[in-house]
Amino acid sequence: MEVTTINAELFARMFLAGANNLEAKKEWINELNVFPVPDGDTGTNMSMTIMSAAKEVAAIENPTMASLAKAISSGSLRGARGNSGVILSQLFRGFTKVIAEYDELNVQIISDAFQKATETAYKAVMKPKEGTILTVAKGMSDKAAELGEETDDLAYFCAEIIKEGDHVLSKTPDMLPVLKQAGVVDSGGQGLMQVLKGAFDALMGKEVDYTIETASTGSSSQGTASNSYIDAQAEQEITFTYCTQFLIMLEHPFTENQETEFKSYLESIGDSIVVVADDEIVKVHVHTNDPGMAMQRGLTYGSLTTIIIENMRLERDEKISAMKEKEMQNTANAENEIRAAEENEQEVPAEEKEMGFISVSIGEGINEIFRGLGVDYIIEGGQTMNPSTEDMLNAIEKVNAKNIFILPNNKNIIMAANQAASLTEDKNIIVIPTKTIPQGITALVNYIPDSTPEDNAERMGEEIQLVKTGQVTYAVRDTVIDDKEIKQDDYMGIGDKGILSVGTDMEKTVLEMIGEMIDEDSAILSIYYGEEMNEDSANKIAEKVEEEYPDVEVEVHYGGQPIYYYVISVE
């Protein structure tokens, strides 16, 4: 089958097919990382980025190449999550700059678009790392330039480019030793290949589902949000502690000289720099030891929004497995979402009230605890399913209150909550930066109805800092973290600052973790047991804690959370 041109209608189908193929493969891509406990960032972030663009493409009734180019470029940039998502959006941005000028595409135009895509993506990253998605993209653009002189057949052209991309991808472990040590290829590069393979299937006339409903939040850990720190696989030794991300809302056009100067300044205080300017906004990412300096320089160009700062030393140690019995978990998530939506619909007050609360939750029992503390709307999510900004905005719309507190209860969801707050004009949205479920519960307990929203925000923010959280899960492959040797299927107790205990005996691992958390000031310890545990097992742990620490009050609650056998809080 020979194809010499692609019109706008066919190109739209190809893009939607590529988006759906990435969405279908995101869990597999999530598992391709250098840590034995997958963080699930890459597949989820890339999927949510392309799905943001796909929704806009699907909404175009009579597409032209120019309208498709605009939808893909703007949609992917606004939806970009994480480093992999930002780079993917820049590949799309460069590619669409070229194709927007034509009514139909041929080999030469697509070859030129590949060159521009790679150039744009490399430009966005201050110090590109080879062995990543960028390397795979460059390998394919080089092959496209070569083939552009040899053939007019798009079917042959695209097949050879994909073959070259797979070859370059297979070589990424030779470029990044950390990939070779883990026995995986680069996950971002694999994500890019799935986009192109899906698009190629559509080009060749294969039966493809082009339906695009919503940008998926995924059922993998840390989406987005988290979505928050970049290129974890690139560096095992962390020189700069803080992953700093923010948007600059420009007061004046951002010139090329300003962009160059800003990148040079960021390079002087950090690394892993990504600066993407687009009309009225600039997306900024940098690893640095002084986030304030980066933000101060950003303020010289405009106002800042969507600020997120992550301590990567802690992040590295807190990555955990997100996939266990995937189909059962996805089904449970779907059922919980439906049930929560139905319950929340009933709970929305008919008349506007002064204060309202939105909380992210992770299990049936914990949902009930939040409702008992006055939460108006619960968003199912957390470690295995990061809610998006759109989810937050939907929740805000459902809560009929002048002032609304949002409790993200996961560090990777705070960014989405802040973004939703910045996009809401008719209500006062206050995001309490809770990073764990126990912090969210503590924040609500310390809410005082007679106080102002500002006073409550300050009080709640202070109190959550006093909460220690521990979570017990399992390892999916062998590794060594924090000088602790971990074997596949070992139980792990993960605290706020890293792994606290490892073992083959569940109860011993939990008790050892608790021992690391308790100190002389500890007064209350709460045990939330998950969907795979029972009250008897939790009570046995509580009894042993009471014997060992008679001055500490121990409470046992049904959490019903997946993934984590136990969630423990100490105050």
Side-chain donor-acceptor pair under 3.5 Å between Thr436 and Asn410, yes or no? no
Over 60° means perpendicular and under 30° means parallel, so classify the ring planes of Phe246 and Phe262, tilted if in between. tilted
Distance-only donor-acceptor pairs under 3.5 Å for side chains of residues 293-301, two or more places apart:
residue: Thr300; atom: OG1; partner: Arg297; partner atom: O; Å: 2.5

Using salt bridge (charged side-chain N to carboxylate O under 4.0 Å, His left out) as the criterion, list what pairs up with Lys97, not counting sequence neighbours. none
Would one find more than 12 heavy atoms of other residues, nucleotides or ligands at under 6.0 Å from atom NZ of Lys171? no
Can a donor-acceptor pair be found, under 3.5 Å and without considering hydrogens, that links the side chain of Asp496 to the backbone of Thr469? yes
Does the side chain of Thr442 pick up a donor-acceptor pair with the side chain of Glu463 at under 3.5 Å? no
Tell me whether Ser52 contacts the main-chain N or O of Thr49 through its side chain, where contact means a donor paired with an acceptor under 3.5 Å. no
Return the set of residues passing side-chain hydrogen bond (donor to acceptor under 3.5 Å, both in side chains) with Thr172 (not counting sequence neighbours), or none when no residue passes. none
Asp186 and Thr132: side chain donor to acceptor below 3.5 Å: no
d(Lys435 NZ, Ile413 CD1) to nearest 0.5 Å is 13.0 Å
Start with the C-alpha distance between Lys487 and Glu485, add both sets of side-chain angles, then the distance that settles salt bridge (Lys or Arg N to Asp or Glu O under 4.0 Å), and finish with yes or no. CA-CA 7 Å; Lys487 298 295 184 182; Glu485 184 176 355; 3.0 Å; yes
Side chains of Gln194 and Gln190, donor plus acceptor under 3.5 Å: yes
How about Phe357 and Phe405: are their ring centres within less than 6.0 Å of each other? yes
